Every structure is written in C-alpha cells, then in structure tokens.
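To start, the structure itself, in structure tokens.
Please read these numbers as outputs of a predicted model, since none were measured by experiment. Here is the naming used below: chain letters follow the sequence lines, and residue numbers restart at 1 for every chain.
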Protein chains: 2
Amino acid sequence: MSEVRRGPYAKTAERRQQILDAALQVFASRGYQAGSMREVARVANIQLSTLMHHFNSKEDLLLALLERRDADSPGQRTGTGDLIADVLSQARWNQTIPELIALYTVLSADSITDGHPGRDYFTERFTTVRRGFQEEFEKLRDAGRLRSGVDPRLAAGCITALWDGIQLQWLLQPDEIDVVAYLKAFLELITHPAEGTVSYQG
Amino acid sequence: MSEVRRGPYAKTAERRQQILDAALQVFASRGYQAGSMREVARVANIQLSTLMHHFNSKEDLLLALLERRDADSPGQRTGTGDLIADVLSQARWNQTIPELIALYTVLSADSITDGHPGRDYFTERFTTVRRGFQEEFEKLRDAGRLRSGVDPRLAAGCITALWDGIQLQWLLQPDEIDVVAYLKAFLELITHPAEGTVSYQG
DNA sequence: GTCTATAATATGATAGAC
DNA sequence: GTCTATCATATTATAGAC
C-alpha cells in the first residue's frame, strides 16, 4: 500500500500524497464538516473532478488522511525507553507541527457530531492510547517507580485527557501555555522524585 | 437583559429562548460551521426569516448561545465550600446534560479554526477557569491541604485540561469512561489523603 | 489521469407583503 | 413578528471529452 511503484501507479501514489497534504491543511484549519472538497482541490492545485477521481468521496479522503497520520507518526516512540523522557520528547516535537495537532484536536471533537465518519477511528484510538499508557504505568509500578496509591488505569486516562486538553489550550494561546511543563508536572506527581529516595510528607 | 418584561418584548424574550434551545441542539450535534440556520429554524418550528429577525446573523446566534450558557451555569458553584466535593458534584451534574457538554466540547475545538466567532470567548473562558482553579488551589495550599511540591498554577491548568479531555472521551464512550473517577483520582493525587494525616512513601 | 460542464441540492442573507 | 419568495453563492458528486 505504501510501496514505491513503477509504471502508471507511481504518479497516482504521488498525487495521493499531494492531495492528503492539502487535505491536512484544509481539515486542520476548517474542520471536517466545514472543510470542502473544492478547497482541498484548490490547495492541491488540481480540479475538483481530479480530486474525486483519486478519492471517491469526502469521507474516503478523511479516512485516508487519518490512516496516513498513524502510518507516519512514530507511535509509541521507544526513544530512550524512559517513559517520562519519551512523553516530554514527543510533546516537544508536537510543538513543531501545530498544523497536525490542530487537525487531531479539531477532528477528535468533531467526531462526536452526528454521523461523523471519523468517530470509530477516534474511539479506537483513545482506547489504544489509554491501554498503552496503562501498560507503561504498570511497568513503572512493578519497578517501584510509581507513587503508592496511583492506579495505572486511572493515571493512563488522566494523561491521555490532559495531553489533548492542554494542547487545545496551547493552540488557542501558544504563548501562554507550555504543554511540556504541564505534562512534566503531572508525570512527576505520579512517580517518585528520584531513584530510591524516600520522601516524607508532613 | 434577562429580566421578565411586559408588553411586546415578552414574546420576543420567549422566542429568543426557544430559538437558543434549538440552536443548542443543532450546534451540539453538528458543530457551528456545519450547523445551519435553516436547521435551527426547523427545530424551533419557525421560518428562517423569523429566526434571522431575532438574530441578525449566524454569528450573533452563536455568541448569544455562549452567553446564555454562562448566565445559566451555576459557575463557581460554592455548594459545600469544599473544592473537591464541589468539582465532583459539578462533574456528576454534567453527566445529566450531555447535550450541553457536547456543545461545549465541539465548539471549543471548533474555535481554533480560521475566523471562528467563538475564539475569543473560549480563550477568555480558559483563562478564567484556570485562574479560578489556581486561586482555589492556593487556598488549599495555605490551609496545608495541598501535597508538597504541587504548583497551584500548573495543577490548575492540569485539571482544566483533564476535565475537558476526559469529557470528550466520555462523549465517545459513555459506558467506558467514568469522568468523576478520573477527576477524583487527580484531585486526591494533589491533596493530602486526610486531615492532618502524615503519609509515608517508602 | 485530468479536464470542462453540469446536475441537484444547501447555504446565509434580504425584500417586502401582511 | 411572521411569513413567502428569492438572490447569489457554495456544496458533493457525476458525465463525458481528450
């Protein structure tokens, strides 16, 4: 599906990427329902009919865009292996791609509207992300690095929600909201200050 | 503005409420950009022209709806005076008005799109909500009920983001997500377990 | 594979009768 | 204050030439 091809399909694959780039721009800045195929075509510098030759419908286009996002993203980027460092690293990276974050933020909320084609995608995505964090937190707990009394399942839902929520506030006020600082504060809250250190709360 | 009136304006005020009820339904289930004045009129059982006689434009209608939301909401509901209890009480209440929560969730994300009329509203609202929580957390800290090392400002941003984020997940999966449980977990995390109890983390 | 042309419908907004 | 009628424009999608 994402292989490089020779022959007549090479151009199609290129075109599809070009169109998806345009779709990203349009859906990120207008939302799905309000974004139009015409505008996507205009941004991609092709005719509407040409766009619809490559994607049979608006719904097709959105789903293809969401699929590509998953394919492109580093996903569970196992950079250092340290969860906190990896989360903060990803959060820092996200600040360099505000357009993609805007796309995700607008569409995820858009998806709760009636008959939205991205609904299943986001429902499954949230479930997957929560489960991923839960597993990571369980590892931390088993390593004795999770603060006592912290439920890995609840903490997983918290950081998933917190991350999305704070990115929304960052998109509205880029200069006022430091996404990394909030995530760091939360992660330090649920873990032990340092290795083996015993803390005393009085 | 919200006074009961006699004479010719009484009907207008009623009509406006009736229209705003319809607008809530439409914008909550479709979003602002995709929702249409025609649909609002249809739900309100009036003609499009009648709707536009009461609200000069679609933008006017949205802003009036957002204003009413603030006027109606109990706001900083100082029920018991205990922050945690009040937050959880509000969260429980929110579960009984999923339509209003959907409206808020869709529109707040919608508002980051180009030229959205609700952008200023949500920017200011987030600032206000964060500041409100920060003040409450500072009170908790001064009362010695905040866990040491917790920054009231960061905690305020966290719970604001977390609350919105988890409500989105709840709207997608009402049976799987327990909003109150996540908020409770976070609030207990940043406060001391009980009055005066000394906890020992080993 | 890309284009022009067009269908069928929806949109926000306005004019003017009553 | 509410209506019918209409404007000018936008929408997704399709047909068919090249």
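- No donor-acceptor distance shorter than 3.5 angstrom exists from the side chain of B:S89 to the backbone of B:A85, with no hydrogens or angles considered.
- Taking only side-chain nitrogens and oxygens, A:T50 comes nearer than 4.0 Å to OP1 or OP2 of C:dC3.
- The CD1-P distance, from A:I46 to C:dT4, rounds to 12 Å in whole Å.
- Which of D:dT12, D:dG1, C:dG12 sits closest to the side chain of B:T12 comes down to D:dG1.
- The residue B:S36 sits close only to the backbone: its heavy atoms come under 4.0 Å of sugar-phosphate atoms, none of a base.
- Put simply, NZ on A:K58 is 13 Å from C1' on C:dA10, counting in whole angstrom units.
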(request) Tell me, with the steps shown, if A:R30 and A:D110 meet salt bridge (charged side-chain N to carboxylate O under 4.0 Å, His left out). (result) CA-CA 11 Å; A:R30 308 287 262 178; A:D110 228 12; over 6 Å; no

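- Base contact: A:M52 has a heavy atom under 4.0 Å from a base atom.
- Remark: side-chain polar atoms of A:Q18 are paired, donor with acceptor, to backbone N or O of A:A44 under 3.5 angstrom.
- Not one side-chain nitrogen or oxygen of A:S49 sits closer than 4.0 Å to the OP1 or OP2 atom of D:dA15.
- Of the possible polar contacts, none joining the A:T96 side chain to the A:R92 backbone as a donor-acceptor pair under 3.5 Å is found.
- The interatomic distance linking B:E39 (CD) with C:dT9 (P) rounds to 18 Å, in whole Å.
- Atoms CZ (A:F55) and C1' (C:dT2) sit 16 Å apart, rounded to a whole Å.
- When rounded to the nearest whole Å, the span between CG of B:N56 and P of C:dA13 equals 9 Å.
- If you take CZ of B:R30 and P of C:dT11, they are 8 Å apart, rounded to a whole angstrom.
- Straight-line distance from the CG atom of A:N45 to the P atom of C:dT2: 12 Å, rounded to whole Å.
- Judged by distance alone, with hydrogens and angles left aside, B:R38 brings a side-chain donor or acceptor within reach of the base of C:dG12, the pair sitting under 3.5 Å.
- Between the side chain of B:R147 and the backbone N or O of B:L189 there is at least one donor-acceptor pair closer than 3.5 Å.
- Taking only side-chain nitrogens and oxygens, B:H53 never comes nearer than 4.0 Å to OP1 or OP2 of C:dA13.
- A donor and an acceptor atom never sit less than 3.5 Å apart when one is taken from the side chain of A:S57 and the other from the base of D:dT12.
- As a whole-Å value, the separation of B:Q47 CD from C:dA17 P is 18 Å.
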